[in-house]
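The structure under discussion appears below in the form of structure tokens.
Predicted model only: the values in this text are computed from it and were never measured.
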Amino acid sequence: MSFEFPKEMEKYWFGNSPFKTHLLNSLTLLLPDIEKYLIFNVNQRLKLIENPELLQTGKAFIGQEAQHSLQHTKFWENLRASGYKIDLYLRCLKAVLFKALANPLNNQFNLAISAGIEHLTTLFAEFALEENFLQEAEPTLKNLFEWHAVEEIEHKSVVFDVLQNSTRSYLVRLLGLVISHLLVLVFLNLGLVMLLYQDKKLLDKKVWQEMIQFWLTQEKVLFRVLFNALKY
């Protein structure tokens with residue numbers, strides 16, 4: 001897939017909702033470096049894997065994640081053209097992923113974090129498709145997120161299988177789950193707050209109503225996340 005995003009599109013391209021638009025704008029800022037982090041960790045382990053089937057699926061995973069990173073990065077230019085200041089956020093995210101996690105910690109622990117990230121993103125993917133969450137989104141961006149969601153579901157177990165090939169420690173797996181969920185949820189909401197602040201929408205009553213509905217009362221995504229983590 002290769003996406004070309006219209007230069008002229010509605011500022012709030014998701015159902016004219018600042019909350020939903022910036023939630024997914026934040027996700028688009030978060031995903032490319034997350035994908036690179038996953039690729040780095042899986043690639044480190046692939047050099048030691050002898051199972052030909054796992055080796056093949058691991059390489060296919062890297063190919064898919066590289067494409068996801070590339071396609072989401074394209075939309076950054078639209079955000080910059082709309083006047084959003086995103087570079088400080090991107091530098092902080094990169095520093096956490098590669099200076100605080102990937103380099104100082106061993107590969108097993110980073111694979112555990114990576115498997116936890118994949119478990120969470122698979123939940124988001126299933127939610128988006130099963131609930132038809134993206135139906136009001138701008139068509140090109142709807143296609144981008146739905147394509148990404150399908151491929152997340154397709155390769156959802158690959159990083160976990162690579163982790164199991166490296167270590168079967170339940171403690172490592174559990175710590176990876178906790179850190180991965182904190183990492184994704186903190187940066188997802190940090191990006192959301194940053195973009196809403198730049199739009200002077202951070203104190204908008206409707207934004208907070210939609211936020212509470214999404215996380216707690218209507219879509220109940222926070223409860224889905226907690227239940228999904230318990231299953232893991």
Side-chain angles (χ1 to χ4, degrees), residues 1 27-73 93-94 96-130 144-188 221 224-232:
M1 300 293 291
L27 191 59
T28 278
L29 293 176
L30 175 62
L31 286 171
D33 282 321
I34 287 280
E35 309 284 19
K36 291 173 186 175
Y37 172 75
L38 299 177
I39 290 169
F40 176 81
N41 295 323
V42 170
N43 196 45
Q44 291 291 103
R45 184 62 193 175
L46 286 188
K47 303 168 186 175
L48 304 173
I49 291 176
E50 297 180 356
N51 182 321
E53 184 178 351
L54 182 56
L55 190 62
Q56 182 178 357
T57 56
K59 290 179 179 177
F61 168 86
I62 287 173
Q64 285 186 323
E65 297 292 56
Q67 276 302 309
H68 299 164
S69 179
L70 174 64
Q71 299 306 321
H72 281 280
T73 302
L93 174 62
K94 194 181 293 287
V96 169
L97 291 173
F98 293 100
K99 293 183 179 179
L101 296 177
N103 288 323
L105 302 180
N106 66 37
N107 181 244
Q108 288 182 350
F109 199 67
N110 279 289
L111 281 173
I113 296 170
S114 301
I117 290 172
E118 283 291 286
H119 189 68
L120 181 57
T121 54
T122 298
L123 170 69
F124 289 158
E126 290 173 349
F127 165 76
L129 296 174
E130 289 172 355
L144 169 70
F145 281 102
E146 289 187 342
W147 160 75
H148 191 161
V150 168
E151 293 202 347
E152 284 299 316
I153 293 169
E154 182 182 15
H155 67 227
K156 66 181 180 179
S157 67
V158 174
V159 181
F160 180 80
D161 292 339
V162 174
L163 170 65
Q164 293 296 92
N165 180 270
S166 177
T167 178
R168 293 182 179 270
S169 167
Y170 187 72
L171 178 60
V172 170
R173 172 177 153 188
L174 189 63
L175 288 172
L177 178 76
V178 172
I179 292 173
S180 67
H181 280 50
L182 288 173
L183 174 72
V184 171
L185 293 175
V186 166
F187 271 96
L188 178 61
V221 173
R224 293 173 189 248
V225 168
L226 294 173
F227 181 68
N228 194 55
L230 288 174
K231 286 171 62 179
Y232 185 82

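- Of all the heavy atoms in V96 and F187, the pair that sits closest is CG2-CZ, 3.9 Å.
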Run the side chain to side chain contact (heavy atoms under 4.5 Å, CB included) test on L31 and H68 for me, step by step, so that the C-alpha distance in whole Å, both residues' side-chain angles and the decisive distance to 0.1 Å come before the verdict.
CA-CA 8 Å; L31 286 171; H68 299 164; over 6 Å; no
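- Under the 3.5 Å distance criterion, the side-chain polar atoms of N41 are left unmatched by any main-chain donor or acceptor of N107.
- Distance check: L123 CG to E152 CD gives 11.5 Å after rounding to the nearest 0.5 Å.
- Counting only distance, with no hydrogens or angles, the side chain of R45 and the backbone of G58 share no donor-acceptor pair below 3.5 Å.
- Going from atom CG of L46 over to atom CG of L54 covers 7.5 Å, rounded to the nearest 0.5 Å.
- Atom CD of residue E130 and atom CD1 of residue I153 lie 7.0 Å apart, to the nearest 0.5 angstrom.
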Show me, pair by pair, the donor-acceptor contacts under 3.5 angstrom made by side chains of residues 32-40, not counting sequence neighbours?
unit_1: D33; atom_1: OD1; unit_2: K94; atom_2: NZ; d: 3.0
unit_1: E35; atom_1: OE2; unit_2: H148; atom_2: NE2; d: 3.0
unit_1: Y37; atom_1: OH; unit_2: N110; atom_2: OD1; d: 2.6

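- Of all heavy-atom pairs between A115 and V159, the closest is N-CG1, 3.5 Å.
- Between the CG atom in L105 and the CD1 atom in I179 there is a gap of 7.5 Å [rounded to 0.5 Å].
- A distance of 7.5 Å separates CD of E126 from CG of N228, quoted to the nearest 0.5 Å.
- For F160 and H155, the gap between ring centers reaches or exceeds 6.0 Å.
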Quick one, H72 with F145, criterion side chain to side chain contact (heavy atoms under 4.5 Å, CB included). Give me CA distance, side-chain angles, the key distance, then yes/no.
CA-CA 9 Å; H72 281 280; F145 281 102; 3.7 Å; yes
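- To the nearest 0.5 Å, atoms CZ (F124) and CG (L129) are separated by 13.5 Å.
- Judged by distance alone, with hydrogens and angles left aside, the side-chain atoms of R173 form a donor-acceptor pair with the main-chain N or O of Y232 at under 3.5 Å.
- In this structure, the side chain of S69 does not engage the main chain of A66 through any donor-acceptor pair within 3.5 Å.
- Using modelled atom types, one finds no donor on one side chain facing an acceptor on the other under 3.5 Å when comparing E151 with Q67.
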What do the steps show when you test L111 against N165 for side chain to side chain contact (heavy atoms under 4.5 Å, CB included), and what is the final call?
CA-CA 10 Å; L111 281 173; N165 180 270; over 6 Å; no
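- Within the 3.5 Å criterion, the main-chain N or O of E118 finds a donor-acceptor partner in the side chain of T122.
- The backbone N or O of V162 lies less than 3.5 Å from no partner atom in the side chain of S166, so there is not a single donor-acceptor pair.
- Within a 6.0 Å sphere centred on CD of Q164, other residues, nucleotides and ligands contribute more than 12 heavy atoms.
- Across all non-hydrogen atoms, the minimal contact from L183 to I117 is CD2-CD1, 4.1 Å.
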